[in-house]
Engineer: 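One structure is given below, represented as structure tokens, and several questions about it will come after.
All ligand and atom numbering here is 1-based and tracks the order in the structure.
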Amino acid sequence: MTRSLFRAFAILALGALSSPLGAQNVPEPEAEAPPAFARDFTRHAVAADQPIASQVGAEILEAGGNAADAAAATMLALGVVNPASSGMGGGGFLLYYKASDQSLTFLDFRERAPAASSASMYDDVPNPGEGPAARASQLGGLASGVPGEPAGIDMMVTRFGALPLETVVAPSVKLAEDGFPMTAYVTRMTGPFGAQMREDDVMREWFASEQGPIEPGTVVRRPTLGRTLRAFGERGAQAIYDGPIAREIVSRNRARGGIFTAQDLRDYEVVEREPLSADHFGLRFVTAPPPSAGGYTMLQSLAILDGLPERYRPRTPGSNANAGWLHAVAESWKGPFFDRQRYFGDPDHVSLPIAQMLSADRVAARISAFHPTLAMPSADYDLPIRLDERVTQPDNTGTSHLCVVDGEGNIASVTTTVNLPFGARYTAAGIVMNDEMDDFARAVGEANAFGLVGGAPNLPGPGRRPVSTMSPTIVFDADGPRLCAGAAGGSRIVTAIQQVAMNTLLLDMPLGDALSAPRIHHQGTPNQLRVEEFAPLPEEVQRELRARGHVIEPIRNVAVVQAIRLGRGDEPAITAGCDPRKGGLPAGR
Ligand code: DON
């Protein structure tokens, strides 16, 4: 979508939205000014990748909710207005900063493999359908993990929130029942998956006719989902994991070839984990631990970059367009992505000595493999480590990020996903069921939808969580929180977050520029340096990178980042930014 088309639609979407909470004191965007994807606020802000969802979060803040309430309400609204990217049938991660005691909590509500899953469950299984993303780990019942989103939202609100769950859910019930304007993004996403989606009776309603999609701006309702959300608001996660909704989830999963049981749903548990953190460039980066490999990738890359001489940093303040810097950044990702292939799995089932993997010796070895003017083969950065064999022996065996800052200084950084667009492309109780099983290795050495090659530790097994790249992050300086950031975009999640954080915090770019600047991506395998069509890197920079030996491949974009920057000195107190690559708008006061 062009920038002007996106703006025109964003105005339409905001104009058509009646306030779901009925709050009167949320400022409307100024009539003449085009809505800005990065805006300054003085009190609180929400940055989601969808304008209505940001607005719902801001209204919850106005209604006395805190960052946890607002993040939960925003997640729920996203599941209604953009079921392609996230919702109750998926899962995610929360990194929460509580200002009163400066504590950081990481909640892992990622999907789990059902008890009947096994390392060989995809061997010789034919594709259950035709068209894009049609493997058994991507489409239909065998593609779904047991959803974690309902338990995650329930825990966020009951543990950290200030409002009753029912109040937090209410705006989404209203959106689902009264309707909201269809967005251009969702209409575009229904295109390639139309034939698969029409197999499902609820998704069939998401088209205007056999031939055509629903035009953006048309008011649509999701009544079945509305009923499910109402039950969730009244009875919490219990309403989804037990009783009639749970029975429907199991039966719809099995009708599509899945292996869910009622016990799988009853057994679902959120896991609280210690976030990963490290100090680099005078800042503390706090981010996602395993089963995400994203946080590890970011911290090792930052350690390598921090260990390189100062001359590698761009000398032009406010710009990242510097071949020497981008070369160093791309090279720094090759080693950690290599580690991911070989070692990463569910940390509750495999041994993952993260401290050893991030050790100064290993970082130094990778710095010595770095060549300032040559792109090295990824294998040159390979550094095998000895693992504890007792634990590591395998038993042979669509996403959205949002940031919320509230008036007390609490911060919620949430990434939520159903994996590929519209998950496994079937619904239960109006909920889009995820295809998170594709984040496991279907077999050792096989690549998932994002080209990430999986190793034995990431084979599916009962109750396991697949390796993720989702990396909700908060960066601190000596005075406290400085940046909340996260992204959607598969393997590109982490490289995108890191670039936006470095752009704004190390290269002094205003948040809007840091978000819209050209990004690159390298994940070791394949040996390609990705540049964006959305924000093309200047031709002379590309030429210099090719001269170093990089194989440059353009792709549509490198992930979708939402971020909130907290000001210092004369800077605005809060700047909230939504990636122009997807069309979100921030909201707040
Ligand atoms: O957990 C992960 O890393 C993936 N399931 C994320 C998928 C994703 O970001 C899809 N895209 N927007």
Engineer: Would you check if the distance from the ring center of Phe93 to the ring center of Phe109 is below 6.0 Å?
Structural biologist: no
Engineer: What's the verdict on salt bridge (Lys or Arg N to Asp or Glu O under 4.0 Å) for Arg581 and Glu532, showing C-alpha distance, side-chain angles and the deciding distance?
Structural biologist: CA-CA 11 Å; Arg581 290 160 185 78; Glu532 301 180 294; 2.7 Å; yes
Engineer: Walk me through whether Arg159 and Glu272 qualify under salt bridge (Lys or Arg N to Asp or Glu O under 4.0 Å).
Structural biologist: CA-CA 12 Å; Arg159 179 139 166 217; Glu272 183 176 339; 2.8 Å; yes
Engineer: Of all the non-hydrogen atoms in the protein, which one sits nearest to atom 11 (N) of ligand 1, and at what distance?
Structural biologist: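 Closest protein heavy atom to atom 11 (N) of ligand 1: Gly489 N, 3.5 Å.
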Engineer: Measure the distance from atom 8 (C) of ligand 1 to every protein heavy atom, then report the residue, atom name and distance (to 0.1 Å) of the closest one.
Structural biologist: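 Nearest neighbour among protein heavy atoms for atom 8 (C) of ligand 1, to 0.1 Å: Thr399 OG1, 2.6 Å.
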Engineer: Which atoms from ligand 1 have a heavy atom of Glu436 less than 4.0 Å away?
Structural biologist: 1 (O), 4 (C), 5 (N)
Engineer: Between Asp346 and Arg110, is the closest basic N to carboxylate O distance under 4.0 Å?
Structural biologist: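 Not counted as a salt bridge, because no side-chain N and carboxylate O are separated by less than 4.0 Å.
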Engineer: Salt-bridge test for Arg112 and Asp264: reply yes if a basic N is under 4.0 Å from a carboxylate O, no otherwise.
Structural biologist: no
Engineer: Report the part of Asp439 (side chain from C-beta onward, or backbone N, CA, C, O) that has a heavy atom under 4.0 Å from ligand 1; answer both or neither where that applies.
Structural biologist: side chain
Engineer: Go through ligand 1 atom by atom and flag the ones less than 4.0 Å from a non-hydrogen atom of Phe450.
Structural biologist: 7 (C), 8 (C), 10 (C)
Engineer: Specify side chain, backbone, both or neither for Leu420, according to which of its non-hydrogen atoms lie closer than 4.0 Å to ligand 1.
Structural biologist: neither
Engineer: Test Asp579 against His401 for side chain to side chain donor-acceptor pair (under 3.5 Å), laying out the working first.
Structural biologist: CA-CA 10 Å; Asp579 203 316; His401 182 82; over 6 Å; no
Engineer: Atoms of ligand 1 less than 4.0 Å from Ile493 heavy atoms?
Structural biologist: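 It comes down to these atoms of ligand 1: 9 (O).
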Engineer: Could you find the nearest protein heavy atom to atom 1 (O) of ligand 1 and give me its residue, atom name and distance?
Structural biologist: Ser468 OG, 2.7 Å
Engineer: Could you list which atoms of ligand 1 come closer than 4.0 Å to a heavy atom of Thr469?
Structural biologist: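 It comes down to these atoms of ligand 1: 1 (O), 2 (C), 3 (O).
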Engineer: Can you spot which of Ile497, Thr473, Thr399 makes a side chain to side chain contact (heavy atoms under 4.5 Å, CB included) with Thr415?
Structural biologist: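 Checked Ile497, Thr473, Thr399 against Thr415; only one passes side chain to side chain contact (heavy atoms under 4.5 Å, CB included): Thr399.
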Engineer: Within less than 4.0 angstrom of ligand 1, does Arg110 place any heavy atom?
Structural biologist: yes
